[in-house]
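Keep in mind the model is a prediction, meaning the values are calculated, not measured. The chains referred to below are lettered A, B, ... by the order of the sequence lines, with proteins before strands, and numbering in each begins at 1.
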Protein chains: 2
Amino acid sequence: MDKTYIRAEILRALGQPTRLKIIDFLRDGERCVCEIFPAISEEQSNTSRHLSLMVSSGILSRRKEGVKIFYAVKRPEILTIVDLATTIMAQEITGRHEMLLAA
Amino acid sequence: MDKTYIRAEILRALGQPTRLKIIDFLRDGERCVCEIFPAISEEQSNTSRHLSLMVSSGILSRRKEGVKIFYAVKRPEILTIVDLATTIMAQEITGRHEMLLAA
DNA sequence: TTGTTATATGATTGATTAGTCATATAACAA
DNA sequence: TTGTTATATGACTAATCAATCATATAACAA
């Protein structure tokens, strides 16, 4: 129940390439596993594990409909965080580029 | 140079309890290692490793002054991300609480 | 019922990680 | 010079992680 630990868990859940690919794919709305894993070119079982991890970290929501399970980004703040990471990445790349030019 | 991988690296650097404690301590401005490690109750060597990791991930900046090395949060977006994670955590806790009440 | 599709999970492997202890380096003071 | 303080790093360990393969479960169709 440590708050630092819970915050870290949320951010750690976002900090993995396969999971980021899933989140990017879910930007347009909910999708079932059968749509997600071919879209990100990962195995079904691996995709399923990452989806479960993100549900238990509070990143994704899960909805069952017949045989299919639909996943969606649970809160808009998630996408804001990912977008801010993109901003930081862009600034880093610019910065490193300028360092190279100056050298 | 994969962009998904770089974004993941930034978020992963934020998603660890000891590193979150460091970032929280650096909210008020730059601090040297000798101030940081007692404040977060971690070993000097462990703290130094986490600081180096965050510098190479683009999270912190490093400034040398005599014997001391001062670290600071490199970009305001970093703190925004951490604050959003706190918001998500609060919503998660509220949600789980309501589920308990409803059960 | 049997077959098919969608998803989850046990068992395993190799890689990465956080943390510790001891030591190295570097800057400055006396 | 010697001593002291601040920081970084090599070597190591135990724990966690991502990915894979095979298999289990669950829902529905024929």
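- In this structure, CD1 in Ile78(A) is found 10.0 Å from CE in Met54(A), a value given to the nearest 0.5 Å.
- Of the residues in residues 30-38 of chain A, Cys32(A), Val33(A), Cys34(A) come within less than 4.0 Å of DNA chain C through at least one heavy atom, sorted by number.
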Between the protein and nucleotides 15-22 of chain C, are there any N/O to N/O pairs under 3.5 Å, and if so, what are the atom names and distances?
{"from": "dT17(C)", "atom 1": "OP1", "to": "Arg12(B)", "atom 2": "NH1", "distance (Å)": "3.3"}
{"from": "dT17(C)", "atom 1": "OP1", "to": "Arg12(B)", "atom 2": "NH2", "distance (Å)": "3.1"}
{"from": "dA18(C)", "atom 1": "OP1", "to": "Arg19(B)", "atom 2": "NH1", "distance (Å)": "2.9"}
{"from": "dA18(C)", "atom 1": "OP1", "to": "Arg19(B)", "atom 2": "NH2", "distance (Å)": "2.9"}
{"from": "dA18(C)", "atom 1": "O3'", "to": "Gln16(B)", "atom 2": "NE2", "distance (Å)": "3.4"}
{"from": "dG19(C)", "atom 1": "OP1", "to": "Thr18(B)", "atom 2": "OG1", "distance (Å)": "3.1"}
{"from": "dG19(C)", "atom 1": "OP2", "to": "Thr18(B)", "atom 2": "OG1", "distance (Å)": "3.4"}
{"from": "dG19(C)", "atom 1": "OP2", "to": "Asn46(B)", "atom 2": "ND2", "distance (Å)": "3.1"}
{"from": "dG19(C)", "atom 1": "OP2", "to": "His50(B)", "atom 2": "NE2", "distance (Å)": "2.5"}
{"from": "dG19(C)", "atom 1": "O5'", "to": "Asn46(B)", "atom 2": "ND2", "distance (Å)": "3.3"}
{"from": "dT20(C)", "atom 1": "O4", "to": "Arg49(B)", "atom 2": "NE", "distance (Å)": "3.2"}
{"from": "dT20(C)", "atom 1": "O4", "to": "Arg49(B)", "atom 2": "NH2", "distance (Å)": "3.0"}
{"from": "dC21(C)", "atom 1": "OP2", "to": "Glu43(B)", "atom 2": "OE2", "distance (Å)": "2.8"}
{"from": "dC21(C)", "atom 1": "N4", "to": "Ser45(B)", "atom 2": "OG", "distance (Å)": "3.3"}

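- Under the 4.5 Å side-chain heavy-atom criterion for Ile, Leu, Val, Met, Phe, Trp and Tyr, Phe70(B) and Leu51(B) are members of distinct hydrophobic clusters.
- The shortest non-hydrogen separation linking Tyr71(A) to Arg62(A) is OH-NH2, 2.7 Å.
- A distance of 12.0 Å separates OG1 in Thr87(A) from CD in Glu92(A), rounded to the nearest 0.5 Å.
- In this structure, Leu51(B) places its CG atom 15 Å from P of dA6(D), rounding to the nearest Å.
- Listed here is the closest heavy atom pair of Val73(B) and Leu60(B): CA-CD2, 3.8 Å.
- Closest heavy-atom contact between Lys68(A) and Cys34(A): CE-SG, 4.1 Å.
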I need a per-nucleotide contact map over nucleotides 25-30 of chain D, read 5' to 3'. Cutoff is protein heavy atoms under 4.0 Å; write B for the base, S for backbone only, - otherwise. -SSS--

Would you give me the side-chain donor-acceptor pairs under 3.5 Å for residues 6-14 of chain B, sequence neighbours excluded?
{"from": "Arg7(B)", "atom 1": "NH2", "to": "Asp24(A)", "atom 2": "OD2", "distance (Å)": "2.5"}

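- Nearest heavy-atom pair across Arg75(B) and Gly58(B) is NE-O, 4.3 Å.
- Among the atoms of the strands shown, only primed sugar atoms or phosphate atoms (P, OP1, OP2) are found under 4.0 Å from some heavy atom of Tyr71(B).
- Annotation: side-chain hydrogen bond (donor to acceptor under 3.5 Å, both in side chains) contacts of Lys21(B) (sequence neighbours excluded): none.
- Side-chain atoms of Gln16(B) come within 3.5 Å of backbone atoms of Thr18(B) as a donor-acceptor pair (strictly under, hydrogens ignored).
- In this entry the distance linking CE of Met54(A) with P of dT7(C) reads 15 Å, nearest Å.
- Linking Ile, Leu, Val, Met, Phe, Trp and Tyr residues whenever their side-chain heavy atoms come within less than 4.5 Å places Leu79(A) and Val82(B) in a single cluster.
- Under the 4.5 Å side-chain criterion, counting only non-hydrogen atoms from C-beta, Ile59(A) is not in contact with Leu53(A).
- A donor-acceptor pair under 3.5 Å links the side-chain atoms of Ser52(A) to the main chain of Ser48(A), judged by distance alone.
- Counting only Watson-Crick and G-U wobble pairs whose two key distances fall under 3.5 Å, DNA chain C forms stems of three or more stacked pairs at C:1-30 with D:1-30.
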